[in-house]
Amino acid sequence: MPSYTVTVSTGSQWFAGTDDYIYITLVGTEGCSEKTLLDKALYNDFERGAVDSYAVRVEENLGDILLVKIEKKKYWVHDDWYCKYITVKTPSGDYIEFPCFLWLVGDNEVVLRDGRAFLPQDDKTSLVKRHRQKELEARRKTYRWKEWQPGFPMSIDANRHKDLPRDIQFDSEKGVDFVLNYSKAIENLCVNQFMHMFQSSWSDFGDFERIFVRIQNTISEYVMQHWKEDFMFGYQFLNGCNPVVIQKCTKLPENFPVTDEMVSVSLERDLTLQEEIEAGNVYIADYEVLADIKPNSTDPCTLQYLAAPICLIYKNIENKILPIAIQLGQTPGKNNPIFLPTDSEYDWLLAKIWVRSADFHYHQTITHLLRTHLMTEVFAVAMYRQLPAVHPVYKLLIPHIRFTMAINTKAREQLICECGIFDKANATGGGGHVQMIQKAMKSLTFRSLCFPDMIKSRGVDDQKELPTYFYRDDGYQVWEATKSFVSDVVHIYYTSDETLQEDEEIQAFVKDVCSFGMQDFDHCEFPKFLKSREALIEYLTVIVFTASAQHAAVNFGQYDWCSWIPNAPSTMRRPPPTQKGLANVNLIIESLPDRGRSSWHLGAVWALSQYQEGELYLGMYPDEHFIEKPVKAAMEKFSKQLAEISGSIKLRNDGKKLPYYNMSPDKIPNSVAV
């Protein structure tokens with residue numbers, strides 16, 4: 001009797017092993033095996049991390065093995081099982097790999113194809129075509145779209161983390177419990193004694209040091225020492241955790257009437273303001289999206305305030321970026337003065353604090369939440385709905401959407417929901433963050449997610465003009481390396497543009513993103529059909545880059561830049577000043593977050609800045625969804641390119657007081673998972 005050797009790999013994560021009965025059926029071109037129980041006498045099968053081999057005997061040779069069917073049946077109580085892969089050794093000595101990387105929950109079965117990637121038009125037999133179709137039908141029932149808030153990108157239909165399909169849940173829900181993690185962070189940072197001291201102001205700036213955690217030689221300590229300086233304020237527009245707002249000023253906005261006389265003392269080239277603008281030395285940061293956003297009113301004991309400032313920024317002869325004028329509202333007038341560096345020390349400092357607070361809200365809600373978390377989820381849901389596991393684009397994207405729907409669902413459950421953690425310390429809590437995303441969606445286009453386009457559209461693409469814009473420079477390198485890798489993979493499977501156009505699944509994926517994920521908003525300009533391989537390469541590069549590099553750039557620097565509370569206030573407790581000459585230390589302290597909100601803020605930025613245990617960084621692909629040698633060669637090439645980029649960034653950072661490493665590939669996780 002011919003005998004096939006079946007090797008089964010069980011996952012190494014918590015609770016991956018099982019005591020349930022596991023059966024296997026081999027399906028070949030010449031026939032099927034009997035359903036066979038995989039069991040060895042006096043042996044504990046399918047333990048966590050185990051690799052077990054079994055013999056499957058058949059009456060006759062099965063021909064080419066097309067499918068492997070795995071069934072799990074209850075032994076005593078239901079015991080979930082995570083199967084990594086199955087390998088089948090044929091009687092002739094050939095090895096066939098069947099990637100799985102799925103949970104089998106309850107009495108369940110899964111049918112696997114071998115690890116080679118196929119486009120839908122490459123499938124020739126009715127058996128594999130039917131398998132492909134059934135997989136997608138089942139997925140579309142499981143992965144459903146839902147609108148969490150009107151005007152938002154669509155998300156996965158799940159109210160709680162535990163409602164998600166097991167395959168996309170975190171291995172341990174406890175590890176991503178925001179309430180638990182923030183409380184732990186507050187305790188670890190030794191600020192728990194202040195945690196419930198809402199409405200209680202600090203005494204002075206030095207008082208903030210009581211909750212500030214010094215980590216030797218960190219950026220956060222440098223920020224604490226230099227946060228009042230104009231250089232530090234300006235530098236953050238380039239390399240802080242929100243380096244996406246600054247843009248070239250080609251013409252002063254009509255609602256920002258800065259005159260020559262106001263700023264002449266700040267200009268260093270013996271040019272007028274207009275001449276400096278024409279010479280390309282003037283930039284602007286406009287927080288118009290915050291105009292008319294309702295401040296947090298969930299705590300009746302504390303009034304909270306928001307502003308929508310405009311800040312004029314000047315590149316001096318030393319190429320430093322410095323603020324030269326700040327208006328705290330969008331409507332000019334007597335009660336909305338333009339603050340200047342020549343004003344009193346505290347007038348100017350308070351104006352800058354208001355800009356930093358606005359920047360914090362913009363960063364948290366738009367740059368971070370909307371443009372990385374929610375956008376990656378759109379791509380993830382569409383991928384599961386439209387691309388079967390055998391599709392090369394599914395195999396390419398799956399490492400980059402790992403845990404994204406889980407972290408976002410947990411955020412909707414605990415963080416940004418009504419009465420969630422966001423309401424505790426943020427002036428945009430209580431619904432303001434929802435309004436902000438609804439407004440920001442009107443300017444979210446596909447092209448704005450393409451890194452080079454986003455940089456160019458803001459007029460900050462010239463390295464000679466802004467030589468210390470490390471976010472841009474490092475981002476370009478990572479974008480190009482990612483695009484090169486994606487191109488290599490695409491060209492392996494798509495031999496022509498016509499091949500792409502005939503791929504019904506990839507076109508359905510792209511259409512699902514636009515028509516459902518983005519709700520077909522007129523302004524979004526997401527493609528509904530891809531005509532060329534170059535268009536597909538750019539599209540997939542956007543997905544991988546957004547989920548990895550862009551998220552890392554705007555997430556993991558939060559403790560560095562936001563832990564010194566006066567540099568990034570999460571709320572302001574006094575209204576924006578309507579005239580000059582009134583600011584003093586007391587007014588600023590009374591405006592800044594109280595002790596309780598400061599503690600929550602510090603716990604949040606600490607928790608959000610931590611990497612996951614067992615983090616997988618860009619270019620690391622331990623789960624072998626691809627088995628083809630050309631793809632593995634492309635992965636190896638990608639990994640080498642990324643290592644070179646990390647090395648060059650490390651070399652540049654050596655000796656710098658303000659090193660920039662948020663776009664260094666060795667610090668970029670593969671996916672949005674925190």
| said: Please evaluate residues W81 and N108 with respect to the criterion side chain to side chain donor-acceptor pair (under 3.5 Å), reporting the C-alpha separation (whole Å), side-chain torsions for both, the decisive distance (0.1 Å), and the verdict. | reply: CA-CA 10 Å; W81 177 50; N108 198 1; over 6 Å; no
| How about Y471 and F451: are their ring centroids closer than 6.0 Å? | yes
| request: Assess whether salt bridge (charged side-chain N to carboxylate O under 4.0 Å, His left out) is satisfied between D453 and K456, documenting all intermediate values. | output: CA-CA 5 Å; D453 292 56; K456 192 174 181 65; over 6 Å; no
Identify every side-chain donor-acceptor pair in residues 665-674 under 3.5 Å, counting partners at least two apart or on other chains, and give the distances.
{"residue": "D666", "atom": "OD1", "partner": "S664", "partner atom": "OG", "Å": "2.6"}
{"residue": "N670", "atom": "ND2", "partner": "Y617", "partner atom": "O", "Å": "3.4"}
{"residue": "N670", "atom": "ND2", "partner": "M620", "partner atom": "O", "Å": "2.8"}
{"residue": "S671", "atom": "OG", "partner": "R402", "partner atom": "O", "Å": "2.9"}

| query | Would D107 and K74 satisfy salt bridge (charged side-chain N to carboxylate O under 4.0 Å, His left out), going step by step from the backbone distance to the final call? | reply | CA-CA 6 Å; D107 287 346; K74 183 172 71 172; over 6 Å; no
| task | Any chance you could lay out the side chain to side chain contact (heavy atoms under 4.5 Å, CB included) test for K69 and I24, step after step, and finish with the verdict? | result | CA-CA 6 Å; K69 181 178 180 181; I24 193 166; over 6 Å; no
| request: Check step by step if salt bridge (charged side-chain N to carboxylate O under 4.0 Å, His left out) holds for K531 and D497. | output: CA-CA 7 Å; K531 295 181 180 179; D497 292 345; over 6 Å; no
| message | A cation-pi test, strictly: NZ or CZ of K40 under 6.0 Å from the centre of the six-membered ring of Y54 and no more than 45 degrees from its axis. Yes or no? | response | yes
| message | Working note: Q364 + L369, criterion side chain to side chain contact (heavy atoms under 4.5 Å, CB included); need CA distance, chi angles, decisive distance, verdict. | response | CA-CA 6 Å; Q364 290 290 357; L369 175 59; over 6 Å; no
| said: Closer than 3.5 angstrom, by distance alone: can the side chain of S33 be matched with the main-chain N or O of V58 as a donor-acceptor pair? | reply: no
| So, for H551 and F545, is the gap between ring centers shorter than 6.0 Å? | no
| message | Determine whether V88 and T5 satisfy the following criterion, side chain to side chain contact (heavy atoms under 4.5 Å, CB included), listing intermediate values before the conclusion. | response | CA-CA 6 Å; V88 177; T5 302; over 6 Å; no
| Whether H373 and H368 hold their rings parallel, tilted or perpendicular, with breakpoints at 30° and 60° | perpendicular
| query | Do R139 and Q386 get their side chains close enough for a donor-acceptor pair, meaning under 3.5 Å? | reply | no
| Looking at side-chain heavy atoms only, is the closest gap between Q507 and L500 below 4.5 Å? | yes
| query | Is it true that a side-chain atom of K483 and a backbone atom of V478 form a donor plus acceptor pair closer than 3.5 Å? | reply | no
| request: Could you walk me through whether R132 and E505 pass the salt bridge (charged side-chain N to carboxylate O under 4.0 Å, His left out) test, one step at a time? | output: CA-CA 10 Å; R132 196 173 192 126; E505 289 170 351; 2.7 Å; yes
| Does NZ or CZ of K73 fall inside the cone over Y21's six-membered ring, less than 6.0 Å from its centre and within 45° of the axis? | no
| message | Could you check whether F509 and F379 have their ring centres less than 6.0 Å apart? | response | no
| query | Are V111 and V68 close enough that some pair of their side-chain heavy atoms sits under 4.5 Å apart? | reply | no
| task | Return the orientation label for the Y493 and F626 ring planes: parallel under 30°, perpendicular over 60°, tilted otherwise. | result | parallel
| Would you say the side chains of Y494 and D503 form a donor-acceptor pair under 3.5 Å? | yes
| query | With under 30° as parallel and over 60° as perpendicular, where do the rings of H625 and Y394 fit, or are they tilted in between? | reply | perpendicular
| query | Can the ring centroids of Y611 and F556 be said to lie less than 6.0 angstrom from one another? | reply | yes
| task | Could you tell me whether the side chains of D52 and Y43 share a donor-acceptor contact shorter than 3.5 Å? | result | yes
